[in-house]
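Notes follow the structure.
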Amino acid sequence: MMKVLIIDDEPQIIRALEAGLERNNYEIFKASSGEAGLDLAAVHNPDIIILDLAMPGLTGFDVCKQLRSWSKAPIIVLSVRKSEDDKIHALDLGADDYLVKPFGLRELMARMRAVLRRIPSTGEHQESVFQLDDLQIDFLKRLVTIGGNEVHLTPKEYDLLRYMSMNVDRVLTHRQLLSEVWGPEYADDTHTLRVHVANLRTKIEKRPERPRFIQTETRIGYRFRGEKREEELQELKS
Amino acid sequence: MPLHPLLLPQKTRTARALISGAIATLGVALMTLIIAGLHLDASVANVSMLYLLVVIVAALTLGRFAAVLASLQSFLAFDWFFVNPRYQLTVSDPAEWLALCMFLLTATVTGQLTVLLVNRIEEREQSRKETEALAQASFSVTSELDLVRALESVLNQLGEVLNLSWAEFLIVQEDRRLCVKKYYQADSAQKEDQQKINAGESGVDPINFVINEKIAIGMGPGEHFSKALGPLAQGAVYQPIIVEDRVLGVLHLQAKSNVFQTGEKKVITSMSNLAGLIVQRDRLMKIEAVTEAITKTERLKSALLSMVSHDFRSPLTSIKTSVNSLLEGGDPISPETQRNLLLAVDHETDRLNRLIDNILDLSCLEAGVLSLKLEETPLAELIESTLNTLSEEENDRILIKLGNEQDEINVDCVLMAQVLRNLLENALKYSPKDAKVELETFVEDKKFLIEIKDRGRGLPKSQESLVFTPFFRATEVKETSIPGMGLGLALSKGLVEAHQGVLSAYNREAGGAVFRITLPLSSDTGISKATNNDESTNH
């Protein structure tokens, strides 16, 4: 059974999450403060951590930072609407994903599945070929195909796509993408990133305004989606 | 007097008199030489007239003292050189004597009259300048709404009329003093420092004195309080700016050399009155802005309170009853009914959440505390952000037609996506379930346009413009079961306007409504930016 640690100072939310997650075969550990959460994480070594950002005492950011110094367990942070800066900060501190309150349990579980499925982004023994739906990336030949047809990418577009495909289902902040692909000195050049993503999308997406692969996380960054949208799944079924 | 400073700038009265006297004397001597040299006295009957010329010229250019001096000197020179017996002051012929006396009288009178005329002209010129300056200053009052710039233009006008080294307005504001200062010449900054030191020695700050006592300093004779202030700089004036018996500030100015004339003091008074009007208007404008914001918030609050009872309660009622029927004992509920009840709860909480979002944003917008984070955003990204916030069923009913998905618009992506979501939701809500809603973008007349078209009931007749009023809902809509509280469109309009855009709505001929967002176009489109240096492909 997957072990989930929930750190939130609101008992109602813990109670609701506990009820929902236990029925879906997760083992729950509950902490109502950052300090208690760090203790539980050290003792039980959870597979995934759900962390509220706004807590009295040790905040979610502090917890996130400390956890990352010794744990690789995926962290999903909970935040409120319109707090993009908080989300970006948490993601840059090493959180894997975020959810905006109020959120649905289904949404949370989908995110949990996605981050648990992910290969660690360090990519020690990386596959030589990446395959997702009709998109195929051959890392050895630096060849990208959609449905068998070769797609011509500029070197930067290719690097961007490669880095994203190595971090499927993870929210990558603008800063992370720019530092990884362009270098740390370009970390604030959001516009360059936007333009390249827009170009990349016209090359690999069927509908750039409703993308299959590269999804925009408004004002935060991008997410390379591993799972299809429901509508697309439904289309496949019918 | 304009001519004097030109000829003899920056001199004291005595020095000026000496110099003008010397020039007058020179003039007379020159005339004597000319007459003697050309032997004009022999050929011309009335040589004395030539001396009269010198007197008039002296009166015109050098003033009263020079004119009198020139008259006397001409009289003497004429007598000495050209009246028999020559080179003596005595006169042999009594007729000549009479002529000489007549000359002296004529010269003096002409000289005085000319000086009088010159003075009149100068006064006229001065008063014209003053009037012009006042007119200019009052024009700048009406045309310039910014306090500092309006006061600056008054200072500029002051400098046109008066001979000042510097002047400043010290405006008393709630927590500080606003100082608007102007130097009329470069080197006066140093002098001013010295004056500061002088003022410091005296103990009482003249500015505070003027503000507290409501009396001008340096404007009238025999100011008995001047002892209390100690020595003040020569030619310094502190004029209080008083409106409705309140001191709003002080006009502090420093003359370049002299004490001010009566006419100039009048100018100072009128200018300070004008400044009073400016400051008073600025105060009233600020108060008005605050009041307006308060009124708006109050109006929103009261409208909100009256709507909360109905529009918040209906989803809450629906949630409450659904949950209650699940909790209630009795006959077991079928799994399908259970699911439907829970779906209703889920749906209604989402609705409440969006209502709260809209209310929060609208109140931020109305209170003027909403700040935009403008970014060059690719169109496709904006549309994607919008579609992501809508459910899959809603997405299926939306047709997207983008002019060029790589076009970039300078928007706050989150807020503009919210506008589009509100408009799309609105369009979906009022359209038949099987009808599609279109979102189309294009560029026209250097404007970026986004249109959302539906096949619904259209805008209410004769109430087209009211749809953007907060809490407005068309009468025929109110009677339907379509939920809403008339916030979405009001908020959308406010947000679009915050982007310097326009949100308009009209009915389609074939039925349905069009909501059109017009945004200013970014300086250059994405096409040029998109093409970057790394054009070569990866193999």
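Lettering of chains follows the sequences in order, A, B, ..., and the numbering in each one begins at 1.
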Inset, instruction - Measure the shortest side-chain to side-chain distance between E384(B) and R201(A) over non-hydrogen atoms and say whether it is less than 4.5 angstrom. - result: yes
Legend entry - Contact check, side chains of E376(B) and V195(A), non-hydrogen atoms, under 4.5 Å: no
Legend entry - Region of D350(B) in contact with chain A, defined by heavy-atom distances below 4.5 Å: neither
Inset, instruction - Examine whether an atom of D346(B) lies under 4.5 Å from a heavy atom of chain A, and if so say whether it belongs to the side chain, the backbone or both; otherwise answer neither. - result: neither
[X] atom [atom1]: more than 12 heavy-atom contacts under 6.0 Å:
| X | atom1 | result |
| --- | --- | --- |
| F130(A) | CZ | yes |
| E185(A) | CD | yes |
| K206(A) | NZ | no |
| K30(A) | NZ | no |

Region of [X] that comes under 4.5 Å of a non-hydrogen atom in chain B:
| X | answer |
| --- | --- |
| E217(A) | neither |
| I214(A) | backbone |
| Y222(A) | side chain |

Do the side chains of [X] and [Y] get close enough for a salt bridge, i.e. N-O under 4.0 angstrom?
| X | Y | value |
| --- | --- | --- |
| E209(A) | K401(B) | no |
| R194(A) | E375(B) | yes |
| R210(A) | E392(B) | yes |

Inset, instruction - Look at I400(B), D357(B), L387(B) and state which one has the largest set of heavy-atom pairs under 4.5 Å with chain A. - result: D357(B)
Legend entry - Interatomic spacing from OG1 in T216(A) to CG in N388(B) - rounded to 0.5 Å: 7.5 Å
Legend entry - Rounded distance (nearest 0.5 Å) linking atom CZ of R207(A) with atom CD1 of I383(B): 11.5 Å
Legend entry - Shortest non-hydrogen contact between A380(B) and P208(A), atoms and distance: CB-O, 4.0 Å
Legend entry - Given N353(B), T349(B), L352(B), the one that forms side chain to side chain contact (heavy atoms under 4.5 Å, CB included) with P102(A): N353(B)
